[in-house]
Structures are given as structure tokens and as C-alpha cells.
Amino acid sequence: MAILIIAEHDNNILKAATLNAITAASQMGDELHLLVAGLDCNLVAQQASKIAGIKKVLIADSEAYQYQLAENMSKLVTDLASNYCHIVSPATTTGKNFMPRVAALLDVAQISDIVKVVSENTFSRPIYAGNAIATVESLDAIKVITVRGTAFDAAKQSDLSAPIEIITAVHDAQISEFVSEEVAVSERPELTAAKVIISGGRGMGNGENFTLLESVADKLGAAVGASRAAVDAGFVPNDMQVGQTGKIVAPDLYIAVGISGAIQHLAGMKDSKIIVAINKDEDAPIFQVADYGLVADLFEVLPQLTDKL
Amino acid sequence: MKILVTVKRVIDYNVKARVNADNTDVDLANTKMALNPFCEIAVEEAIRLKESGTATEVVVVSIGPKACQEQIRTSLALGADRGIHIETDSMPESLNVAKLLAKVVNAEQPGLIIMGKQAIDSDNNQTGQMLAALLDIPQGTFASKVELIGDKVHVTREVDGGLQTVALNIPAIVTTDLRLNEPRYASLPNIMKAKRKPLVVQTPADLGIELKTHSKLLKVEAPAERQAGIKVNSIEELIEKLKNEAKVI
Ligand SMILES: Cc1cc2nc3c(=O)[nH]c(=O)nc-3n(C[C@H](O)[C@H](O)[C@H](O)COP(=O)(O)OP(=O)(O)OC[C@H]3O[C@@H](n4cnc5c(N)ncnc54)[C@H](O)[C@@H]3O)c2cc1C
Ligand SMILES: Nc1ncnc2c1ncn2[C@@H]1O[C@H](COP(=O)(O)O)[C@@H](O)[C@H]1O
């Protein structure tokens with residue numbers, strides 16, 4: 001049987017997280033189908049059809065799917081599910097929103113945030129803020145799975161194009177509607193896709209001081225992240241939060257500045273290749289996971305870092 | 001309007017979970033347990049809605065072993081009116097939890113069901129969405145703001161790209177994010193008063209639900225530990241190491 005992957009996109013661009021989910025799915029089976037549900041999302045379907053391993057793209061184009069509302073998406077996916085043995089999506093806020101609904105409608109479990117495919121029915125996933133890794137075997141006929149992007153490489157592009165099939169069924173539950181959104185616009189790379197990240201914590205003192213991090217980020221082509229404390233204090237918006245309950249990142253280089261290293265923060269970044277910590281408290285727990293630690297006042301050393309890079 | 005709040009008993013968020021010796025689970029013996037932080041926020045939100053006159057009654061429900069009653073009492077001390085404990089031997093899987101909760105919702109008919117977005121033990125982030133699907137009602141997940149406007153509930157959601165606001169028909173499910181509110185502390189008199197608030201105990205059989213097994217936990221392992229590296233003395237030394245040793249810049 002085939003595997004259905006649900007694409008993450010904004011009706012124009014296929015989001016990188018989809019590519020990691022495709023790689024995970026390719027370890028569960030060969031017949032990979034990708035569903036693009038949105039409004040005027042033909043461009044996304046075109047991009048999707050050129051990903052290596054994808055045998056077929058399904059496009060469901062309707063106002064009902066413009067914002068990928070969970071109430072509508074779940075009905076669409078459930079409607080398609082009988083042809084599939086696995087339903088897979090990235091563990092992004094969109095995937096986390098509608099996938100459990102799909103599972104419940106199918107009367108099966110969801111296996112959330114997998115980091116390893118052991119076999120077609122067995123998967124590993126972090127629990128307890130990443131302090132334990134559980135290996136679970138699914139006993140359900142259809143496996144509903146969300147994928148942690150950092151744990152899988154991105155699927156490659158292909159020279160061939162997979163066929164695109166149109167899904168005409170429209171599922172509009174009419175119980176929820178989109179009102180508005182405040183989308184953070186940034187010239188910088190997306191946090192979950194960045195090779196280098198510099199994050200600030202409560203030690204930054206206020207939002208303006210984040211410009212000190214931005215200057216370093218400009219030199220390194222880095223994304224800027226934050227701890228929950230920095231978000232809660234109102235220094236920066238929530239989409240910058242790294243951690244157990246924010247974004248999970250694993251860049252080549254993660255620089256934590258004025259961040260103490262609470263378990264919830266570590267859960268979101270400890271799989272980074274190289275970790276640098278800058279903190280004035282030499283006993284801060286962040287130093288226990290840092291490859292390079294610098295005990296210093298961030299206000300003194302960040303300008304030096306910008307200058308010397 | 002009645003509000004139903006779900007509360008889960010979990011490991012205290014300050015405690016680091018340890019895997020047991022035979023790699024079958026985490027070892028929770030003698031571990032400090034607490035109300036899941038996101039559920040605490042859910043209780044707080046419900047109480048605020050009651051204080052502002054929007055809600056009339058706040059009912060909390062917890063599913064699991066007898067000890068869960070501690071977390072129900074904590075919620076009652078914070079201001080909830082009554083509790084329901086659905087007693088099971090161990091913590092059921094999310095879909096079973098959702099099925100049990102669906103029965104409670106049908107019996108109680110709340111206008112709003114407020115849940116945590118995630119239990120910090122399972123890290124599943126799915127039970128609220130599952131319950132919404134079983135009841136065929138809308139959901140506002142990862143909420144940082146909840147407002148009743150006319151006959152709808154407007155929920156501002158923390159999403160990857162920023163914030164999104166949706167309007168939902170009532171009844172609806174809201175799952176909380178950390179910024180929704182800052183929970184209060186229970187006062188001593190309220191802790192005493194909570195002991196006398198009603199708490200009923202039911203079993204899955206009472207609700208007509210048979211718990212199904214959807215997955216098997218094969219093993220639980222500790223993650224690869226990171227070793228602490230070295231301390232550098234200056235920015236120059238740091239840049240030199242990143243360039244020549246780690247080769248990441
Ligand atoms: C359910 C739950 C979920 C959570 N999820 C997350 C999550 O996803 N992500 C997350 O990050 N947190 C999360 N948290 C919060 C977490 O527990 C910590 O409170 C938070 O990570 C602390 O942030 P911080 O390190 O910036 O602040 P603090 O712990 O206050 O640390 C600030 C650090 O800055 C240093 N500092 C101060 N001034 C300077 C200076 N001038 N120069 C250098 N260093 C300085 C201090 O020495 C200190 O180490 C969660 C909490 C709960 C309860
Ligand atoms: N056993 C339980 N009893 C009561 N509420 C629960 C239980 N399990 C999960 N929940 C609720 O569902 C939310 C999400 O849990 P989860 O999907 O496991 O991450 C929690 O924050 C609780 O509000």
C-alpha cells in the first residue's frame with residue numbers, strides 16, 4: 001500500500017519541512033504520494049512533483065483549504081486515507097494541528113514527532129523533553145505519523161516530474177473560520193532550516209538589545225532565536241522560541257547568549273552539531289552541553305564578535 | 001456557560017526524567033509529580049472567564065491512577081468548582097483519553113473545553129485535537145488569547161510563522177500555550193476549602209468505554225549525552241576554534 005504525505009506550504013512555496021518528512025516516509029515504503037491542499041496552490045504542486053521519490057501528487061484546491069484549517073483538512077485526509085497504510089506530515093504547528101484529528105477520525109493512534117524509522121511499523125520518538133527516547137510499535141492498520149524535521153535529511157530534487165491528480169471533493173466543515181494573521185517577516189533564514197542560529201535569553205535584558213545578536217547574525221547568515229523567558233518577557237515574538245514547546249532546531253552552529261540552559265530549552269537545541277554558550281555565570285547549566293563556553297558579559301563580547309567576524 | 005478543563009498528572013517540570021535500569025520506561029518512583037504546566041494555564045483561563053462573568057461553572061477532569069486526585073484538588077484550590085476523576089490503572093493512550101473525555105463532554109455539555117496543548121511527559125500534543133474530532137467540534141490549538149465575541153470564541157494561536165486568529169463555533173476546544181496567562185498560586189484558605197468541594201470518581205466501564213491498545217512500548221532509552229567541551233578565554237579564541245577546529249564558520 002502507498003504512503004500519503006501532507007505537504008506544508010503557504011499556497012506559493014513548498015516548505016522545507018515537507019522534504020524531511022518525505023525522507024522519513026521513504027523509509028516506511030516506496031509508493032509515496034504527496035497531498036497539496038490549499039487555494040491557488042498549483043505552483044506548490046509543480047514544485048512537489050519534482051521531488052525525488054514522489055510517485056504522484058494530489059492537489060485539492062479550494063477556499064476550504066486556504067488556511068489549512070484543521071476541521072477541513074482532517075476530513076479531506078480521512079476521506080483519502082483508505083488507500084494508504086501510512087499518513088505522514090511534518091511536526092510543524094500545521095501538522096500538529098490537523099493530524100491528531102485525522103487519527104481520531106480513523107480510530108487509530110498518532111505517533112508524534114518521530115526521530116527514527118525502525119521498521120514500517122516501529123518508530124522512535126523523544127519523550128520527557130528529550131530526556132528519554134521511546135521506541136513504539138504501532139498496532140494500527142493505518143499509521144498516522146508526524147516527523148521531526150531535524151532528524152531526517154531533506155529529500156532531493158528529481159529531473160522527472162510525477163503526475164498531478166486533481167482531488168475534487170471539498171470538505172468544508174463550516175464550524176471554524178480564519179480571522180487574521182500576524183506573520184513575522186524576516187530576511188533571515190527560517191529557524192528550522194538555518195545552518196547557524198544565534199539565540200538570546202533573559203540575559204539580553206530587553207528587545208532592543210537583540211540588535212546585538214542581529215549584527216552577529218548578519219555576519220554569519222544566521223537565524224535569530226530566543227528562549228521562552230525572552231519571549232515571555234516580551235523581548236521578541238513567540239515564533240522565535242526554541243525548545244521543548246517551541247521550535248526544535250539542529251543547526252551546524254548554535255550560539256546561546258544569556259541563556260541559562262533549562263531542560264526545556266536544551267530539548268530544542270541539543271542536537272546541534274556545535275554549541276557555543278556565552279554566559280556571565282560560569283555555573284550555568286548551558287555550559288554542560290556547550291562545545292565552546294565563554295564566561296563573559298554579553299554586552300562586552302557581542303560587539304567584539306561582530307567586529308572580528 | 002460551563003467550562004470543562006482537563007488536567008493531567010505529570011512529572012514536575014523542574015525534574016529531569018531518568019530511564020529505568022531495564023530500559024522499559026522512565027523511573028518515576030519517588031519523583032515529584034505535579035499538574036502539567038499547560039493544564040495549570042487551562043485552569044487559570046477558565047477561572048478568569050468565571051471571574052469576568054462569562055463562565056458560570058468550572059469542572060475539572062483527570063484520567064489515571066488514584067493519585068490524580070491530588071491534581072484535581074490542586075485545581076479546585078485554584079478556583080475550579082468540582083472535579084471528576086476517571087480512574088484507570090495506568091495512564092491510557094491519548095485516543096482512549098479522548099474517548100473517555102468525549103463521554104464526559106456529552107454528559108456535562110460545556111460551552112468550552114480548555115486543555116493543555118501538550119503533556120510534558122508524553123510530549124504528544126494530540127489529545128485536544130482528537131477530542132475535537134470525536135465530537136466534531138472546532139479547535140483553537142496553542143492559544144495565546146481567548147475571547148468570546150458574540151456566539152463565537154476567537155482564539156489567537158501561536159504558530160510557526162507568528163500568530164493566527166480563528167473564530168470558532170461553540171462548543172469548541174481550546175488548547176493552551178504558555179503565554180495565555182500566568183497562573184495564580186492557591187491560598188491556604190482555598191486549599192482547605194478545596195477539600196470539601198465535590199469530586200466524583202468514575203471508571204471507564206461506567207462510561208461504557210473499553211480501553212483499546214493501539215501501540216506497544218518496546219523500549220525506552222536515554223538519549224546520547226553531550227559532553228561538556230572547553231572554556232575559551234576570549235572572542236578571538238572562540239572565532240579561531242570555530243574556524244579551524246569545528247570548521248563551522
Ligand atoms: C511547560 C514549560 C515549557 C517550557 N518550554 C520552553 C521552551 O520551549 N523553550 C525555552 O527556552 N524555555 C521553555 N520553558 C522555560 C524554561 O523552563 C526556562 O524558564 C527558560 O528557558 C529560561 O530562559 P533563559 O535561560 O533565557 O532565562 P534564565 O534562566 O533567567 O537565564 C538567563 C541567563 O542569562 C545570564 N545572563 C544574564 N545577564 C547576562 C549578561 N549580561 N551577560 C551574559 N549572561 C548573562 C544569566 O547568568 C542566566 O544564566 C518552559 C517552561 C515550562 C514550564
Ligand atoms: N490522562 C489525562 N487526564 C486528563 N487530561 C489529559 C490526560 N491526558 C492528556 N490530557 C489533556 O490533554 C492535553 C494534551 O496531552 P497530550 O496530547 O498527551 O500531549 C494535556 O495537557 C491534558 O490537558
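To find a chain, count down the sequence lines: A is the first, B the second, and so on, and within it residues start at 1. Just so you know, these numbers use all the heavy atoms, side chains as well, and skip hydrogens, waters and symmetry mates.
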Is [Y] close to [X] at the side-chain level, that is, under 4.5 Å between some pair of heavy atoms?
X      : Y      : result
B:I173 : B:M115 : yes
A:Y292 : B:I230 : yes
B:L148 : B:I170 : yes
B:P110 : B:V105 : yes

So what's closer than 4.5 Å to chain A heavy atoms on [X]: side chain, backbone, both or neither?
X      : result
B:T213 : both
B:A246 : both
B:Q227 : backbone
B:V159 : both
B:I120 : both
B:L95  : side chain
B:E93  : side chain
B:E236 : side chain
B:I11  : side chain
B:F38  : side chain
B:L217 : both
B:I137 : backbone
B:V232 : both

Heavy-atom distance under 4.5 Å to chain B: side chain of [X], backbone, both or neither?
X      : value
A:Q264 : side chain
A:K195 : neither
A:I175 : both
A:S74  : neither
A:D113 : neither
A:I263 : side chain
A:E71  : side chain
A:I275 : both
A:V276 : side chain
A:K247 : side chain
A:L69  : side chain
A:D271 : backbone
A:T78  : neither
A:A184 : both

Contact leader toward chain A among [options], where contacts are heavy-atom pairs under 4.5 Å:
options                        : value
B:N14, B:L131, B:D136          : B:D136
B:A222, B:P223, B:A172         : B:P223
B:D160, B:N169, B:I249, B:L242 : B:D160
B:S94, B:G140, B:G162          : B:G162
B:R226, B:R157, B:E225         : B:R226
B:H154, B:E237, B:Q139, B:E245 : B:Q139

### Message
Between A:R228 and A:Q241, does the side chain to side chain donor-acceptor pair (under 3.5 Å) criterion hold? Intermediate values first, please.
### Response
CA-CA 6 Å; A:R228 183 76 218 183; A:Q241 181 194 342; 2.3 Å; yes
Is any NZ, NE, NH1 or NH2 atom of the basic residue among [X] and [Y] found under 4.0 Å from an Asp or Glu carboxylate oxygen of the other?
X      : Y      : answer
A:D297 : A:K280 : no
A:K219 : A:D307 : no
B:K152 : A:E177 : yes

### Task
Report the residue from A:V196, A:I274, A:I198, A:V242 that forms a side chain to side chain contact (heavy atoms under 4.5 Å, CB included) with A:Y254.
A:V242
Under 3.5 Å, is there a donor-acceptor pair between the side chain of [X] and the main chain of [Y]?
X      : Y      : result
A:N279 : A:D281 : yes
A:D140 : A:I142 : no
A:R125 : B:D123 : yes
B:K117 : A:T245 : yes
B:T176 : B:A143 : no
B:Q129 : A:K96  : yes

Quick one: which of [options] has the most heavy-atom pairs under 4.5 Å with chain B, could you say?
options                       : value
A:V295, A:T94, A:D291, A:I127 : A:D291
A:D232, A:D107, A:L220        : A:D107
A:L305, A:V183, A:L105        : A:L305

### Task
On the 0 to 90° scale, with breaks at 30° and 60°, tag the A:F178-A:Y67 ring pair as parallel, tilted or perpendicular.
parallel
### Task
Quick one: closest heavy-atom pair of B:G116 and B:T175, and the distance?
O-CB, 3.7 Å
### Task
Mind listing the closest non-hydrogen atom pair of A:S89 and A:M99 along with its distance?
OG-CG, 3.4 Å
### Task
List the steps and the verdict of side chain to side chain donor-acceptor pair (under 3.5 Å) for B:N20 and B:T24.
CA-CA 7 Å; B:N20 66 14; B:T24 51; 2.8 Å; yes
### Task
Walk me through it: do B:N181 and B:R48 pass the test side chain to side chain donor-acceptor pair (under 3.5 Å)?
CA-CA 10 Å; B:N181 60 49; B:R48 288 188 191 185; 4.8 Å; no
